[in-house]
**Student:** 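Just passing along the structure, written as structure tokens.
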Amino acid sequence: MSLADLTRNAVHVLPEGGLEAKLALGRPLRVKLGIDVTSPDIHVGRGIPLQRMRAFQDEGHIGVLIIGDYTTRIGDPSGRSSERPILSDEEIERNAQTYVEQASRILLAERTEIRFNSEWLAGLSFADVIRLTRIMTVAQMLERDDFAARYAGGQPISISELLYPLMQAYDSVAVRADVELGGTDQLYNLLAGREVMEAYGLEPQVVLTTPLLVSWDGEKMSSSLGNNIPLTAPPEEQFGRTMRISDDLLPEWYRLLREVELPPDADPLEAKLALARWIVARSHGEEAARAAEEHFTRVVREGRAPDEVPDKPLPESEVVHVPAVIADAFGLSTSEARRLVAQGAVRVDDAVVTDLDVPRRELAGRVLRAGKRRFVRLVEEPEGRR
RNA sequence: GCAGGGAUUCCCGAGUGGCCAAAGGGGGCGGGCUGUAAACCCGCUGGCUCAGCCUUCGGAGGUUCGAAUCCUCCUCCCUGCACCA
């Protein structure tokens with residue numbers, strides 16, 4: 001029974017029988033999951049392996065969360081056609097710090113061990129690195145799909161990128177992992193971990209992969225594509241983004257995220273709303289989920305202004321140049337703002353604005369709206385002044 | 001090292017002296033429609049208080065009345081050859 005929980009939704013559990021053997025050891029297993037810090041967000045898709053880690057924790061095992069602060073300096077090329085940008089130390093540091101908090105929305109804190117891989121990677125000597133590189137061959141590396149594709153397509157592959165799987169594999173050595181979790185795109189790296197562990201005289205880890213979550217655009221969820229739902233995004237944002245998925249993604253999302261089957265006769269709208277509530281509630285609690293749904297109903301379904309609209313002081317002049325106000329209030333260029341006006345997307349208290357210049361008295365105290373989701377209340381008094 | 005090819009607006013990708021703020025697609029934004037921030041249809045998509053002006057086509061110079069387009073140098077990428085104790 002517990003084995004089924006541990007491997008729910010798993011795509012690969014390798015080698016065959018390996019997990020059973022590990023469990024038979026009768027001690028808490030060390031279950032590793034490495035995460036890169038290239039982006040400041042962990043999204044719900046990346047939360048899937050975290051959910052697996054949680055399942056292990058619920059059975060008394062230890063989750064070892066590895067923050068790839070050092071590996072990020074190289075950039076994992078998995079599934080990418082080009083090298084990731086190298087982040088500055090400050091950015092890496094800033095991202096890493098928020099990860100623990102984000103992951104805690106899913107993990108059991110008391111059974112989580114958090115490690116930064118700079119802890120051991122930074123101290124390796126050149127000779128140590130050479131020893132590591134001897135374990136695998138170029139041909140083995142080029143077997144990896146994305147490397148193979150890039151090589152065949154004449155795309156550049158830097159030597160440092162080839163080192164990535166080895167570094168990640170060495171993490172497994174350093175933390176003595178029993179099991180390593182990851183998305184299916186990580187299969188190669190996880191298996192490399194087995195090989196490297198063996199070369200260092202350790203019992204190789206068991207590899208468990210989970211499916212990649214397909215987002216509303218049909219692509220795998222990814223922070224760099226912008227089709228993601230971050231675990232720490234504001235409630236309304238999480239809710240709205242969830243509502244973007246098409247109905248036929250619902251069964252998959254139910255299975256992978258909620259870990260239940262969507263009843264075949266379920267009403268799509270109700271099911272999607274329930275899913276959105278669940279996602280928000282996991283991150284922010286029931287109350288926030290309720291508020292997010294209310295916001296969605298009001299703003300998106302009914303097209304009305306939300307309860308809380310931020311204030312925006314009007315400029316001093318008698319006649320107000322609307323594009324300038326829009327640009328300033330919503331962080332757009334005045335050209336973009338002009339286009340919005342030209343397209344009839346700008347309203348003041350539900351009346352469509354057609355003039356670029358409007359007398360100040362017709363604006364004061366009213367709600368300015370640009371498009372469906374941008375609202376601001378125009379006020380007389382500049383903030384912080386009296 | 002040698003020889004070719006390449007770098008275009010957020011991305012991909014046309015454009016090879018004026019008709020170019022630059023085709024087309026993607027993405028994004030907006031409007032319509034909708035249970036939906038889905039799908040679909042239509043429009044917009046460098047900046048600027050905008051019938052005009054200003055700044056873009058890897059970088060720096062140059063030719064020309066006029067350059068993304070021609071020339072020189074530089075940077076980066078790709079391919080082939082050479083190298084391979």
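Naming convention: chains lettered A, B, ... in sequence-line order (proteins, then strands); numbering from 1 in each chain.
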**Student:** Quote, to the nearest angstrom, the P distance that separates B:C48 from B:G43.
**Tutor:**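 It comes out at 25 Å once rounded to the nearest Å.
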**Student:** Could you tell me which nucleotide pairs with B:C81 by Watson-Crick or G-U wobble geometry, both distances under 3.5 Å, or answer none if nothing does?
**Tutor:**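 By the stated definition (distances under 3.5 Å), B:G1 pairs with B:C81.
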**Student:** Return the nearest nucleotide to the side chain of A:Arg339; candidates are B:G47, B:A37, B:G43.
**Tutor:**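 The listed nucleotide nearest to A:Arg339's side chain is B:G47.
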**Student:** Taking for each residue the nucleotide of RNA chain B with the nearest heavy atom, is it A:Gly344 or A:Thr334 whose nucleotide lies nearer the 5' end?
**Tutor:**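 Result: A:Gly344.
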**Student:** Check whether A:Arg105 reaches the backbone of A:Ser283 with its side chain - one donor and one acceptor, N or O, closer than 3.5 Å.
**Tutor:**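 Yes.
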**Student:** Using atom CG of A:Leu275 as one end and atom C1' of B:A37 as the other, report the distance to the nearest whole Å.
**Tutor:**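 Whole-Å distance recorded here is 14 Å.
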**Student:** Could you tell me how far apart A:Gln238 (CD) and B:U36 (P) are, to the nearest whole angstrom?
**Tutor:**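 That distance rounds to 22 Å.
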**Student:** What contact category does A:Asp267 fall into here, base, sugar-phosphate, or nothing, at under 4.0 angstrom with non-hydrogen atoms?
**Tutor:**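 Result for A:Asp267 = nothing.
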**Student:** Does B:C10 pair with anything, Watson-Crick or G-U wobble, both distances under 3.5 Å, and if so, with which nucleotide?
**Tutor:**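 Per the H-bond distance test, B:G26.
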**Student:** Output the rounded distance in Å from CD (A:Glu270) to P (B:U36).
**Tutor:**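 Rounded to the whole Å, the gap is 13 Å.
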**Student:** Send over the distance from A:Leu249 CG to B:A39 P, rounded to a whole Å.
**Tutor:**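 Atom-to-atom, A:Leu249 to B:A39, this comes out as 11 Å.
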**Student:** When all nucleic acid strands are considered with a 4.0 Å heavy-atom cut-off, which category describes A:Gly240: base, sugar-phosphate, or nothing?
**Tutor:**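 The answer is base, as A:Gly240 lies within the cut-off (heavy atoms under 4.0 Å) of a base atom.
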**Student:** Is there a donor on the side chain of A:Gln343 or the base of B:G31 sitting less than 3.5 Å from an acceptor on the other?
**Tutor:**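 Answer no: no donor N or O sits under 3.5 Å from an acceptor.
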**Student:** Is there a donor and acceptor pair closer than 3.5 Å between the side chain of A:Ser333 and the base of B:C48?
**Tutor:**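 In this structure, the two groups form no donor-acceptor pair.
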**Student:** Determine whether any donor atom in the side chain of A:Asp247 lies under 3.5 Å from an acceptor atom in the base of B:G35, or the reverse, and answer yes or no.
**Tutor:**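 Indeed there is one.
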**Student:** To the side chain of A:His321, which of B:U49, B:A37, B:G30 is closest?
**Tutor:**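 Nearest to the side chain of A:His321 among the choices is B:U49.
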**Student:** Select base, sugar-phosphate, or nothing to describe what A:Arg338 touches, counting heavy atoms under 4.0 Å on all strands.
**Tutor:**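 Base contact - A:Arg338 has a heavy atom under 4.0 Å of at least one base atom.
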**Student:** Roughly, in whole Å, what's the span from CD1 in A:Ile326 to C1' in B:C29?
**Tutor:**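 Value for this atom pair: 13 Å.
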**Student:** Decide yes or no for A:Lys272 and A:Asp247: does some side-chain heavy atom of the first lie under 4.5 Å from some side-chain heavy atom of the second?
**Tutor:**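 A side-chain contact exists here, since the closest heavy-atom pair is under 4.5 Å.
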**Student:** Pick base, sugar-phosphate or nothing for A:Glu219, based on heavy-atom distances below 4.0 Å to the nucleic acid.
**Tutor:**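 No contact.
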**Student:** Between A:Glu293 and A:Arg290, does any NZ, NE, NH1 or NH2 come within less than 4.0 Å of an OD or OE carboxylate oxygen?
**Tutor:**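 No, A:Arg290 and A:Glu293 are not salt-bridged.
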**Student:** Which is it for A:Asp171 and A:Glu180 under the side-chain contact (heavy atoms from CB on, under 4.5 Å) test, yes or no, and what are the steps along the way?
**Tutor:** CA-CA 10 Å; A:Asp171 290 346; A:Glu180 179 163 12; over 6 Å; no
**Student:** Would you measure the distance from the P atom in B:C77 across to the matching atom in B:G31 and give it in whole Å?
**Tutor:**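 So the two P atoms sit 45 Å from each other.
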**Student:** Under a 3.5 Å limit for both distances, which nucleotide forms a Watson-Crick or G-U wobble pair with B:U72, could you say?
**Tutor:**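 Partner of B:U72: B:A60.
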**Student:** Whole angstrom is fine here: how far is it from CG in A:Leu269 over to C1' in B:G35?
**Tutor:**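 Roughly 4 Å, once rounded to whole Å.
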**Student:** Counting just side-chain N and O atoms, does A:Arg241 come under 4.0 Å of either OP1 or OP2 of B:A38?
**Tutor:**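 Looking at the OP1 and OP2 atoms of B:A38, neither is under 4.0 Å from any side-chain N or O of A:Arg241.
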**Student:** In whole Å, measure the gap between the C1' atoms of B:C76 and B:A22 for me.
**Tutor:**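 24 Å, rounded to whole Å.
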**Student:** Please test A:Glu259 against A:Arg52 for salt bridge (charged side-chain N to carboxylate O under 4.0 Å, His left out), starting from the C-alpha separation and ending with a verdict.
**Tutor:** CA-CA 10 Å; A:Glu259 301 186 1; A:Arg52 236 46 280 107; 2.8 Å; yes
**Student:** Within residues 278-298 of chain A, which residues have any heavy atom lying less than 4.0 Å from an atom of RNA chain B?
**Tutor:**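 Residues of residues 278-298 of chain A that come under 4.0 Å of RNA chain B are, in numerical order, A:Phe296.
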**Student:** Verify the neighbour count for atom CD of A:Glu110: are there more than 12 heavy atoms of other residues, nucleotides or ligands below 6.0 Å?
**Tutor:**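 Yes, enclosed.
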**Student:** On RNA chain B, compare the nucleotides closest to A:Glu336 and A:Arg373; which residue's is nearer the 5' end?
**Tutor:**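 By nearest-heavy-atom nucleotide position, the 5'-most residue is A:Arg373.
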**Student:** Is the shortest side-chain N to carboxylate O distance from A:Asp5 to A:Arg8 below 4.0 Å?
**Tutor:**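 Here A:Asp5 pairs with A:Arg8 in a salt bridge, since their nearest N and O are under 4.0 Å apart.
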**Student:** Of the nucleotides B:G31, B:C50, B:C29, which has the atom closest to the A:Leu340 side chain?
**Tutor:**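 The answer is B:C29.
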**Student:** Which whole number of Å gives the distance between the P atom of B:C73 and that of B:G4?
**Tutor:**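 Taking atom P in both B:C73 and B:G4, they lie 13 Å apart.
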**Student:** For the residue pair A:Tyr170 and A:Tyr200, categorise the inter-ring angle as parallel (less than 30°), tilted (30 to 60°) or perpendicular (more than 60°).
**Tutor:**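 Ring orientation of A:Tyr170 relative to A:Tyr200: perpendicular.
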**Student:** Working to the nearest 0.5 Å, report the span between CG of A:Asn227 and OG of A:Ser222.
**Tutor:**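 That separation rounds to 6.0 Å.
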**Student:** side-chain contact (heavy atoms from CB on, under 4.5 Å) for A:Thr184 and A:Thr210? Distances and angles first, verdict last.
**Tutor:** CA-CA 6 Å; A:Thr184 51; A:Thr210 53; over 6 Å; no
**Student:** When the C1' atoms of B:A7 and B:G15 are considered, how many whole Å apart are they?
**Tutor:**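 Result for the C1' pair: 15 Å, nearest Å.
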**Student:** Do the non-hydrogen side-chain atoms of A:Val196 and A:Leu166 ever get within less than 4.5 Å of each other?
**Tutor:**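 In short, these two side chains touch, coming nearer than 4.5 Å.
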**Student:** Could you measure between the two P atoms, the one in B:U75 and the one in B:C40, and give it in whole Å?
**Tutor:**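 Here B:U75 and B:C40 have their P atoms 48 Å from each other.
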**Student:** With the side chain of A:Arg244 defined as its heavy atoms from C-beta on, choose the nearest nucleotide among B:G35, B:A38, B:A37.
**Tutor:**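 My answer, after comparing the listed nucleotides, is B:A37.
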**Student:** Check this one for me: any side-chain N or O of A:Arg374 less than 4.0 Å away from OP1 or OP2 of B:G30?
**Tutor:**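 Yes, within the criterion.
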**Student:** Are any of A:Ser335's side-chain N or O atoms less than 4.0 Å away from OP1 or OP2 of B:C48?
**Tutor:**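 Yes, such a contact exists.
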**Student:** Please give the distance between the P atoms of B:U72 and B:U63 as a whole number of Å.
**Tutor:**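 Approximately 15 Å lies between the P atom of B:U72 and that of B:U63.
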**Student:** How is A:Ala345 classified with respect to the nucleic acid when contacts are heavy atoms under 4.0 Å: base, sugar-phosphate, or nothing?
**Tutor:**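 A:Ala345: backbone/sugar contact only, no base atoms under 4.0 Å.
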**Student:** For B:U55, which nucleotide in any strand shown is its Watson-Crick or wobble partner with both distances under 3.5 Å?
**Tutor:**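 Across all strands, not a single nucleotide pairs with B:U55.
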**Student:** Please give the nucleotide sitting opposite B:C50 as a Watson-Crick or G-U wobble pair, both distances under 3.5 Å, or none.
**Tutor:**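 Paired with no nucleotide.
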**Student:** Could you state the CG-P distance from A:Leu273 to B:G35, rounded to the nearest angstrom?
**Tutor:**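 Rounding to the nearest Å, CG of A:Leu273 and P of B:G35 are 13 Å apart.
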**Student:** Looking only at atom P, what distance separates B:A14 and B:G24, rounded to whole Å?
**Tutor:**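 Rounded to whole Å, the distance is 15 Å.
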**Student:** Rounded to whole Å, how long is the line connecting atom NZ of A:Lys272 with atom P of B:A37?
**Tutor:**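 Taking atom P of B:A37 as the reference, NZ of A:Lys272 is at 10 Å.
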